[in-house]
Amino acid sequence: MSSSEALDIKLPSSLAAERRGKVAIIRLARPQKRNAIDDTTVLGLETFFTSLPDDIASVVLHGEGDHFSAGLDLSELQERDIRQGIAHSSMWHRVFDKIQFGKVPVVCVMHGAVVGGGLELAAATHVRVAERSTYYGLPEGSRGIYVGGGGSVRVPRLIGVARMMDMMLTGRTYSAEDGQAMGLSTYLTEPGEGFAKGLALAERIAGNTPLTNFAITHILPRIAEIDPRSGYAVESLISSIAQADVEAKSRLTAFLEGRANKVVRPE
Ligand code: 1HE
C-alpha cells in the first residue's frame, strides 16, 4: 500500500485531502457538526474534484467522526428566499455532477448517519462501501423541505421511487444491511474496516485504463438512460474506441500469453 502524501489543493477546514500513490483521498472533516455540508464545503468539494492532478486515477471519499454526513447544514437554510433556494440547489447539482461525471471514479466509504444531502453526495459517487454502523435517512420530509442535491434523480436509480417516497413521507431509515440488499451500497464491512476496503477498491480501479474508466463512469450511465436502439449504437462506438487503445491491446496480449490474472470466484 502506498504511503500518505500531501495533495496541493487549497481546501476549507471542513475538508482534508491527501494522496496515496494514484489515489486521492478527500475527507469530510467537520465532525463537531456531524459533517453537515455548508456552502463552503460544497464549493470546496468542487475545488477538489476539478483540481485533481493528472496522475490521480481514482478517489476515496469518507467522513471523520461517528457519522459520514448529517446532510445539508440546516443553519444556513433559514434566510433563503425562493430565488436563492433555486440558486443554492443548482450549485449542489453543478458540484455533484462534477463528482459523478468528473475526471476519475470515486469510491465512497460510509459509516454512521448518511442522511439527506449526505446520501445525495454518496449517490453521486461510483462505488459505495458501507460499514455496519451506517444508516440511511431522508429527513427532508419531516423538516418541511425537499431534497435539493440531485437526490430525486440519483436515489430512485439506486432503490426505486417507491422506497425513496416511503423514506421521505414516513421518515423511515434503513440499516447498513438493508441498504446493501437494496443497492445503496455494494460492499458491507465491519466497523473501522471501510476505509481500507475503499482504498483497496480505489487502487484496483486506478489500475484500469483511463479510457475504460471513462467509458464506465461517463458512458454507461448515459446508455442506461437512452432508448435501447440508441444505446446499442453508443455501446458499439465506445467499445470499439476502448479496444483500439494501445494499452487495451497490450493487456489482451498479456492475457493470451498467460501473463494476466484470471477472473476468480468471489470470496
Ligand atoms: C447540524 C446538522 C445539520 C448536526 N445542520 N447542524 N439533516 C438532518 O436533518 C439531520 C440532522 N442531524 C441529526 O439528525 C443528528 O445530528 C445526527 C443523527 C446526524 C447525529 O446526532 P448526534 O447526537 O451525534 O449529534 P447532535 O448533537 O445532533 O449534533 C452535533 C452538532 O452538530 C450540533 O451542534 P451544536 O453546536 O449544538 O454542537 C448540531 O446542531 C449540529 N448538526 N446535524 C446543521 N444537518 C441539498 S438539500 C439537502 C437537504 C438535507 O440534507 S435535509 C437533511 C438535514
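What you see below is based on every heavy atom in this structure, not just the backbone, and it leaves out hydrogens, waters and symmetry mates. We count ligands from 1, going down the list as the structure has it; atoms in each ligand are counted the same way. All of these numbers come straight from a predicted model, not from anything done at the bench.
Residue contacts with ligand 1, taken as heavy atom pairs separated by less than 4.0 Å, do not involve H88 at all.
Sorted by first then second residue, the salt bridge (charged side-chain N to carboxylate O under 4.0 Å, His left out) pairs that include residues 138-161, not counting sequence neighbours, are D97-R154, R157-E225.
If you check which protein heavy atom lies closest to atom 49 (C) of ligand 1, you get E140 OE2, 3.1 Å.
In terms of polar-atom proximity, L74 is counted as a contact of ligand 1, with an N or O under 3.5 Å from an N or O of the ligand. Remark: ligand 1 and A36 share no N or O pair separated by less than 3.5 Å (distance only, no angle test). Taking any N or O of G117, backbone or side chain, at least one lies under 3.5 Å from an N or O belonging to ligand 1. For ligand 1, one of its N or O atoms has an N or O atom of R34 under 3.5 Å away. Taking any N or O of I145, backbone or side chain, none lies under 3.5 Å from an N or O belonging to ligand 1. Between W92 and ligand 1, a contact under 3.5 Å exists for no N or O pair.
For the ligand labelled ligand 1, residue Y135 lies inside the 4.0 Å heavy-atom shell.
In this pair, W92 and F96 present their aromatic rings tilted. The plane angle is within the 30 to 60° band.
Protein non-hydrogen atoms do reach within 4.0 Å of atom 45 (N) of ligand 1. When distances from atom 28 (O) of ligand 1 to the protein are checked, no heavy atom turns up under 4.0 Å. In this structure, atom 37 (O) of ligand 1 is not in close contact with the protein, since no protein heavy atom lies within 4.0 Å of it.
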